[in-house]
Amino acid sequence: MTGTASLIDELERTLSAGSSVQRADILRRVSDLFLTNLDSYGDEHVAVFDDVMLHLVDKIERSAIVRLSKQLAPIENAPVRTVHRLADDDDIAISGPVIERSKILSEDFLVELAKTKSQAHLAAIAGRESIGERITEVLVDRGDDEVTLKVTGNHGARFSRPTFMKVAEKAQANGPLAEQVIGRGDVPPDVFQHLLRKATEVVKNRLLRNADPDKRVMITRTLADIATEVARERAQMDGHSAAGTVMQFDAARLKSRIGELAQAGKRTETIEAIAALSKLPVATVKNVVRQGATDGLLILCKSVGLGWPDAKRVLAGIGGVASEAETKKAFERYIGLTSETANRVIRFVKSCKAISKADFQRML
């Protein structure tokens, strides 16, 4: 530690008479020496560097402190007091690097920072690799839209159910935030439903438009469940059956859309709509289409209650049934196919991991 001892002696002289440039140079040399021999230092050595750096931090120019923060941020055995001093700085250029990256900072310390510091500090905390529930709670409570969006999009952040619910409340009219919530795999089902129940039509349409296929099916099913529940509640208040309202939502809106999508040549959207109504995985419906199983498509169409005109559009649009002879044959089979049989087959499909074209034909 001869080099360090000489630096400490020079430090004392420089602090009393040296210029800001000289002070910055001393810090640079101290930090470089520390980083160069990092693996060889024990706790006592690190403590010496901690003393030296703390002496300098409050007496040198800003750019040198920013450099030090960036250097120490990823170091797991960095000088503890210096790191905490940097993280507590009101200047985000100084505190930001260690707040976002340092593993030395405890959860208690980060909670206090989140409670007292600026939105820029909160945003830095929201970017950490791992964030505990106590921290996310404060970030959501105090954070602006940018902070909430950042922490919600951070899959290393853990959320309690109440905090998730607070985010869902904020996301009702915030499309980007709603997408981040829906995109997480740890959202409780009731929070997922609450968000879709309260979201504006603009947000709902954005979610349906931008979600991946499986998530889009989940959103569609949840919206249908919500509509059913709302209709039932209204019916109970009015003293009438909710069946008509529910049927109007499912049949008139979703079912008619399947025919429109198929006719427009929107293969993926048609498959997703059939999957949503039949409550089958998208992959299963895709497999039926990929196998060219006309009987399978007929069963799917019948099970979701499509009339022949829409079923015909589906066969033509995604099933490759184009000739008049094929269409006539399909029509005869569709008319002879009962909803009971179709639903029985669908129940069987749901219980199987895979089903082939021949399986459909055997069950008819």
If the condition is ring pair (Phe, Tyr, Trp, His ring centres under 6.0 Å), which residues does [X] pass it with, not counting sequence neighbours?
{"X": "Phe192", "answer": "none"}
{"X": "Phe34", "answer": "Tyr41, Phe49"}
{"X": "His194", "answer": "none"}

Closest contact, heavy atoms only, [X] versus [Y]:
{"X": "Arg216", "Y": "Leu208", "result": "NE-O, 2.6 Å"}
{"X": "Pro79", "Y": "Leu72", "result": "CD-CD2, 4.2 Å"}
{"X": "Ile92", "Y": "Ala124", "result": "CD1-CB, 4.4 Å"}
{"X": "Ala276", "Y": "Thr220", "result": "CB-CG2, 3.7 Å"}
{"X": "Lys150", "Y": "Ala123", "result": "NZ-O, 3.0 Å"}
{"X": "Val191", "Y": "Ala168", "result": "CG1-CB, 3.9 Å"}

Among all residues two or more places apart in sequence or in another chain, which pass the salt bridge (charged side-chain N to carboxylate O under 4.0 Å, His left out) test with [X]?
{"X": "Lys117", "result": "Asp88, Asp90"}
{"X": "Arg67", "result": "Asp32"}
{"X": "Arg184", "result": "Asp186"}
{"X": "Asp108", "result": "Arg134"}

Can you find a pair of side-chain heavy atoms, one from [X] and one from [Y], that are under 4.5 Å apart?
{"X": "Val167", "Y": "Leu177", "value": "yes"}
{"X": "Thr338", "Y": "Thr341", "value": "yes"}
{"X": "Ile104", "Y": "Glu76", "value": "no"}
{"X": "Gln180", "Y": "Leu149", "value": "yes"}
{"X": "Asp310", "Y": "Ile258", "value": "no"}
{"X": "Val345", "Y": "Ser303", "value": "no"}
{"X": "Arg81", "Y": "Asp51", "value": "yes"}
{"X": "Leu315", "Y": "Leu298", "value": "yes"}

Treating Ile, Leu, Val, Met, Phe, Trp and Tyr as nodes and any side-chain heavy-atom pair under 4.5 angstrom as an edge, say whether [X] and [Y] lie in one connected cluster.
{"X": "Ile182", "Y": "Val202", "result": "no"}
{"X": "Ile75", "Y": "Leu33", "result": "yes"}
{"X": "Leu54", "Y": "Leu105", "result": "no"}

Drop me the distance from [X]'s [atom1] to [Y]'s [atom2], to the nearest 0.5 angstrom.
{"X": "Asn205", "Y": "Leu207", "atom1": "CG", "atom2": "CG", "result": "9.0 Å"}
{"X": "Leu122", "Y": "Lys115", "atom1": "CG", "atom2": "NZ", "result": "12.0 Å"}
{"X": "Arg28", "Y": "Ile60", "atom1": "CZ", "atom2": "CD1", "result": "11.5 Å"}
{"X": "Leu195", "Y": "Asp190", "atom1": "CG", "atom2": "CG", "result": "11.5 Å"}
{"X": "Asp89", "Y": "His84", "atom1": "CG", "atom2": "NE2", "result": "14.5 Å"}
{"X": "Lys70", "Y": "Ile65", "atom1": "NZ", "atom2": "CD1", "result": "13.0 Å"}

Checking the side chain of [X] only, and the main-chain atoms of [Y] only, is there a donor and an acceptor separated by less than 3.5 Å?
{"X": "Asp144", "Y": "Val147", "value": "yes"}
{"X": "Arg101", "Y": "Ala73", "value": "no"}
{"X": "Arg142", "Y": "Gln119", "value": "no"}
{"X": "His55", "Y": "Val52", "value": "no"}
{"X": "Asn154", "Y": "Ala126", "value": "yes"}
{"X": "Ser102", "Y": "Ile99", "value": "no"}
{"X": "Thr284", "Y": "Leu280", "value": "no"}
{"X": "His121", "Y": "Ser95", "value": "no"}
{"X": "Ser69", "Y": "Ile94", "value": "yes"}
{"X": "Thr148", "Y": "Asp145", "value": "no"}

For [X], check side-chain hydrogen bond (donor to acceptor under 3.5 Å, both in side chains) against everything at least two apart and list the hits.
{"X": "Arg209", "result": "none"}
{"X": "Asp58", "result": "Arg85"}
{"X": "Thr36", "result": "none"}
{"X": "Asn343", "result": "none"}

State plainly whether the residues [X] and [Y] are in salt-bridge range, i.e. N to O under 4.0 Å.
{"X": "Glu133", "Y": "Arg158", "result": "no"}
{"X": "Glu332", "Y": "Lys329", "result": "no"}
{"X": "Arg128", "Y": "Glu100", "result": "no"}
{"X": "Asp212", "Y": "Lys215", "result": "no"}

Is the cationic atom of Lys302 (NZ for Lys, CZ for Arg) positioned less than 6.0 Å from the six-membered ring centroid of Tyr334 and within 45 degrees of its normal?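 Yes, Lys302 lies over the aromatic ring of Tyr334.
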Mind running side chain to side chain contact (heavy atoms under 4.5 Å, CB included) on Asp50 and Val83 for me, showing each step along the way? CA-CA 9 Å; Asp50 210 354; Val83 169; over 6 Å; no
So, Ser31 and Gln71: side-chain donor and acceptor under 3.5 Å apart, yes or no?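 Indeed, the side chains of Ser31 and Gln71 share at least one donor-acceptor pair under 3.5 Å.
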CD of Glu107: more than 12 outside heavy atoms within 6.0 angstrom?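 Yes, the 6.0 Å shell around CD holds more than 12 heavy atoms from other groups.
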Around Lys204, counting heavy atoms of other residues, nucleotides and ligands shown, do more than 12 lie under 6.0 Å from its NZ?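 Yes.
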Report the C-alpha separation of Glu326 and Ser323 in whole Å, then their side-chain angles, then the decisive distance to 0.1 Å, and conclude whether the side-chain hydrogen bond (donor to acceptor under 3.5 Å, both in side chains) test is met. CA-CA 5 Å; Glu326 287 178 314; Ser323 70; 3.1 Å; yes
Among residues two or more places apart or on two chains, list those pairs meeting salt bridge (Lys or Arg N to Asp or Glu O under 4.0 Å) that have a residue in residues 164-183.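 Sorted pair list: Asp141-Lys166, Glu179-Arg206.
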